[in-house]
Amino acid sequence: QVQLVESGGGLVQAGGSLRLSCAASGRSLRSYSTAWFRQAPGKEREFVAVLSWSGSLTKYLDSVKGRFTISRDNAKNTVHLQMNNLKSEDSAVYYCAVDLGSQFRRTISSGSSDYDDWGQGTQVTVSS
């Protein structure tokens, strides 16, 4: 029900910053939790951050706390992931996804199986 397009990835030196964007169409993101996941070559997909449909709750992977911030621009129906102090281990393809059942859950989910619609991904490469 939601179409998602990620952008903003690229090559950056360790310690640098990037801001990823996830532009949504078809439905308002104010109705669904929206999350970021990442996947490095040979690794399983990993939860990074989530913002509740209400915009009031967030959850982060421990290793990115204090460095990454998830936010939403309601006027543009777009979710962002601001990534600061990037490290080589942050290199991965980053995906955004929406949980269409989020309004019926007791908590925001960090499990990829709970997310229904996914973007195509954007590559982030951190060099040192």
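- To the nearest 0.5 Å, atoms OH (Tyr60) and OG1 (Thr69) are separated by 4.5 Å.
- Although no hydrogens or angles enter the test, the distance criterion places no donor-acceptor pair under 3.5 Å between the side chain of Ser56 and the main chain of Ser54.
- Atom NE2 of His80 sits about 11.5 Å away from atom CZ of Arg72, to the nearest 0.5 Å.
- Using a 4.5 Å heavy-atom threshold, the side chains of Arg38 and Val124 count as separate.
- Heavy-atom minimum distance, Tyr115 versus Val50: OH-CG2, 3.2 Å.
- Counting only heavy atoms from C-beta outward, the side chains of Leu4 and Val79 never approach each other to under 4.5 Å.
- No more than 12 heavy atoms of other residues, nucleotides or ligands shown are found within 6.0 angstrom of CD on Gln13.
- Phe47 and Leu81 are not part of a single hydrophobic cluster, where members link through side-chain heavy atoms under 4.5 Å apart.
- Across every non-hydrogen atom of Asn77 and Ser25, the tightest pair is ND2-N, 4.3 Å.
- Across all non-hydrogen atoms, the minimal contact from Val93 to Gly121 is CG1-CA, 3.9 Å.
- Taking the side chain to side chain contact (heavy atoms under 4.5 Å, CB included) definition, one finds that Val12 meets it with Leu18, Leu86, Val126, sequence neighbours left out.
- A distance of 7.0 Å separates CG in Asp90 from OG in Ser63, rounded to the nearest 0.5 Å.
- A heavy-atom distance below 4.5 Å is not found between the side chains of Met83 and Val48.
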Steps toward ring pair (Phe, Tyr, Trp, His ring centres under 6.0 Å) verdict (Phe37, Trp118): CA-CA 10 Å; Phe37 293 81; Trp118 295 75; 5.1 Å; yes
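- Val98 is connected to Leu51 through a chain of hydrophobic side-chain contacts under 4.5 Å among Ile, Leu, Val, Met, Phe, Trp and Tyr, so both are in one cluster.
- How far OG of Ser21 is from NZ of Lys76: 8.5 Å, rounded to the nearest 0.5 Å.
- Counting heavy atoms from C-beta on, the side chains of Leu20 and Glu6 never come closer than 4.5 Å.
- Environment of CD in Gln120: crowded, with over 12 heavy atoms of neighbouring residues, nucleotides or ligands closer than 6.0 Å.
- Residue Ile70 is grouped with residue Tyr32 when hydrophobic side chains (ILVMFWY) are merged at heavy-atom distances under 4.5 angstrom, including chains of intermediate members.
- Judged by distance alone, with hydrogens and angles left aside, the side-chain atoms of Gln123 form no donor-acceptor pair with the main-chain N or O of Gly9 at under 3.5 Å.
- Residues meeting the side chain to side chain contact (heavy atoms under 4.5 Å, CB included) test with Asp62, sequence neighbours left out: Lys65.
- Note that the CG atom of Leu29 and the OG1 atom of Thr34 stand 4.0 Å from one another [nearest 0.5 Å].
- Salt bridge present: Arg105 and Asp114 bring a charged side-chain N and a carboxylate O closer than 4.0 Å.
- When all heavy atoms of Ala92 and Ala40 are compared, the pair lying nearest together is CB-N, 3.9 Å.
- The minimum heavy-atom distance between Gly8 and Thr122, with the atom names listed, is N-OG1, 4.2 Å.
- Annotation: the span from Asp99 atom CG to Ser33 atom OG amounts to 5.5 Å, rounded to 0.5 Å.
- Under the 4.5 Å side-chain criterion, counting only non-hydrogen atoms from C-beta, Glu46 is in contact with Leu61.
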Run Val2 and Asp116 through side-chain contact (heavy atoms from CB on, under 4.5 Å) and show every step you take. CA-CA 9 Å; Val2 185; Asp116 303 282; over 6 Å; no
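- For Lys59 against Ser110, the heavy-atom pair with the smallest separation is CD-CB, 4.4 Å.
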